Q: 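Pasting a structure here, questions to come.
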Amino acid sequence: MPDIGLRRLGGEDKLRALIVTGHTDIHHDWRTVSPMLAELLRETGLFDVRITEEFRGAGPETLEPYDLVVLNYFGRFEPWGHAPEQRWGTRAEQALYDHVASGKGVVVYHASLQMGAGWEDDFERMAGGVMREHCSRRAPIPDFRLRVVAPDHPVTAGMPEFMPHYDDDLYVNLQWAPGAEVEVLVTGWDNPLRYTQVPAEWDALPGMGQEHALVWTNRYGQGRVFATGLGHGPEAISHPSFRGLFARGAEWAATGKVTLGLPAGFGEPVPGGDWWPTTLEPMVREMFEQRRQAAAGTREGTEQ
């Protein structure tokens, strides 16, 4: 990782983070979530955090003091509606891209993955992956297992391969920007049993029974991008699995390294919450794989 944009802290010095918010769609409560994210970062002892609810009119001078920008913004009330997305303006948007490309960090958070459709600029390239109406959806699965698929990355180092997570969204079939330097850190399995208990319909929608990226990093210019589809609301944010990933991802985006440990209870089921992610999901996955192998065997026999 190049040293461009990496700031070494000393004494009481802290990383400076700006949370850009002020609008999301009707399914997300930015007024509650943004202060929770700010407090989560402050509790690490590493960050001094500011929140802005109005980014229109911003420019390079606005972002110059910050090591990290956290995007908790989406400019449309109805996610798949046709009303124009409320944008920040060319100067503010370009200032963000230039700030990150110069060597700083950005977190593209949850609802912000819907941003940028049809913008014809660099948002999708910066985010790496986005939700798009023609291919993406939210699986009907509030509780699921997270799977760490990049155990050597600084953000996920030391994490168990599987850990339960609760009260959150599992986004399916994201669209990936051509040429983006994406490294997927964490995936989730689109459990067919949460749609229907009829095995014949376990492939009814694209992505069912498959792993999907939930957390990833991207390189944009000299900058570092941490993107997460996790973090729907206060309940999800309260779980150790989210808190550990978000805090460490933010530190990595800001500095290129991770010094934070894992929070207490990380990777453990919450009281009374271990049925779906830790017990039933592995059972269903084994059933699904057996069914897929049997179907493959039937096709091979037919072709012969």
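Remember, it's a predicted structure, so these values are computed and weren't measured experimentally.
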Q: Write out all pairs satisfying salt bridge (Lys or Arg N to Asp or Glu O under 4.0 Å) with one or both partners inside residues 205-215, taking only residues at least two apart or from two chains.
A: Arg147-Glu211, Glu211-Arg285
Q: Give me each pair satisfying side-chain hydrogen bond (donor to acceptor under 3.5 Å, both in side chains) with a member in residues 31-40, each pair once, sequence neighbours excluded.
A: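 As it turns out, the side-chain hydrogen bond (donor to acceptor under 3.5 Å, both in side chains) pairs with a partner in residues 31-40, which skip direct neighbours, are Thr21-Ser34, Asp29-Thr32, Ser34-Asn72.
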Q: Does the Lys NZ or Arg CZ of Arg194 fall within the cation-pi geometry relative to Trp276 - under 6.0 Å from the ring centre and within 45° of the axis?
A: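 Pair Arg194/Trp276 counts as cation-pi.
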Q: If a pair satisfies side-chain hydrogen bond (donor to acceptor under 3.5 Å, both in side chains) and one of its residues is in residues 120-130, list it, with sequence neighbours excluded.
A: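 Residue pairs passing side-chain hydrogen bond (donor to acceptor under 3.5 Å, both in side chains), neighbours aside: Tyr97-Asp121, Asp122-Tyr220, Glu124-Arg132.
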Q: Got a sec, which pairs hit ring-ring contact (aromatic ring centres under 6.0 Å, His included) with one end in residues 139-163, sequence neighbours left out?
A: Phe144-His165, His153-Trp252
Q: Check Asp168, Thr228, Thr24, Asp169 against His110 for a side-chain hydrogen bond (donor to acceptor under 3.5 Å, both in side chains) and give me the one that passes.
A: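 Of all the options given, the one that passes is Asp169.
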Q: For the residue pair Leu230 and Phe246, establish whether any side-chain heavy-atom pair is separated by less than 4.5 Å.
A: no
Q: Residues two or more places apart in sequence or in another chain: which of them pass side chain to side chain contact (heavy atoms under 4.5 Å, CB included) with Ala38?
A: Ile19, Arg42, Val49, Ile51
Q: Check whether Asn218 reaches the backbone of Glu181 with its side chain - one donor and one acceptor, N or O, closer than 3.5 Å.
A: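 The answer is yes, because a donor-acceptor pair under 3.5 Å joins these two groups.
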Q: Apply salt bridge (Lys or Arg N to Asp or Glu O under 4.0 Å) to Glu183 and list each qualifying residue two or more places apart in sequence or on a separate chain.
A: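 Partners of Glu183 by the salt bridge (Lys or Arg N to Asp or Glu O under 4.0 Å) criterion come out as none, since no residue qualifies.
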Q: May I ask you to check whether over 12 heavy atoms, not counting those of Glu286, lie within 6.0 Å of atom CD?
A: no
Q: Can you see whether Glu64 engages His99 through a side-chain donor-acceptor pair at a distance of less than 3.5 angstrom?
A: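 No, because no side-chain N or O of Glu64 sits under 3.5 Å from a partner of the opposite role on His99.
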Q: Ignoring hydrogens and angles, state whether a donor on the side chain of Thr259 or Glu251 is under 3.5 Å from an acceptor on the partner side chain.
A: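 Side chains of Thr259 and Glu251: pair found under 3.5 Å.
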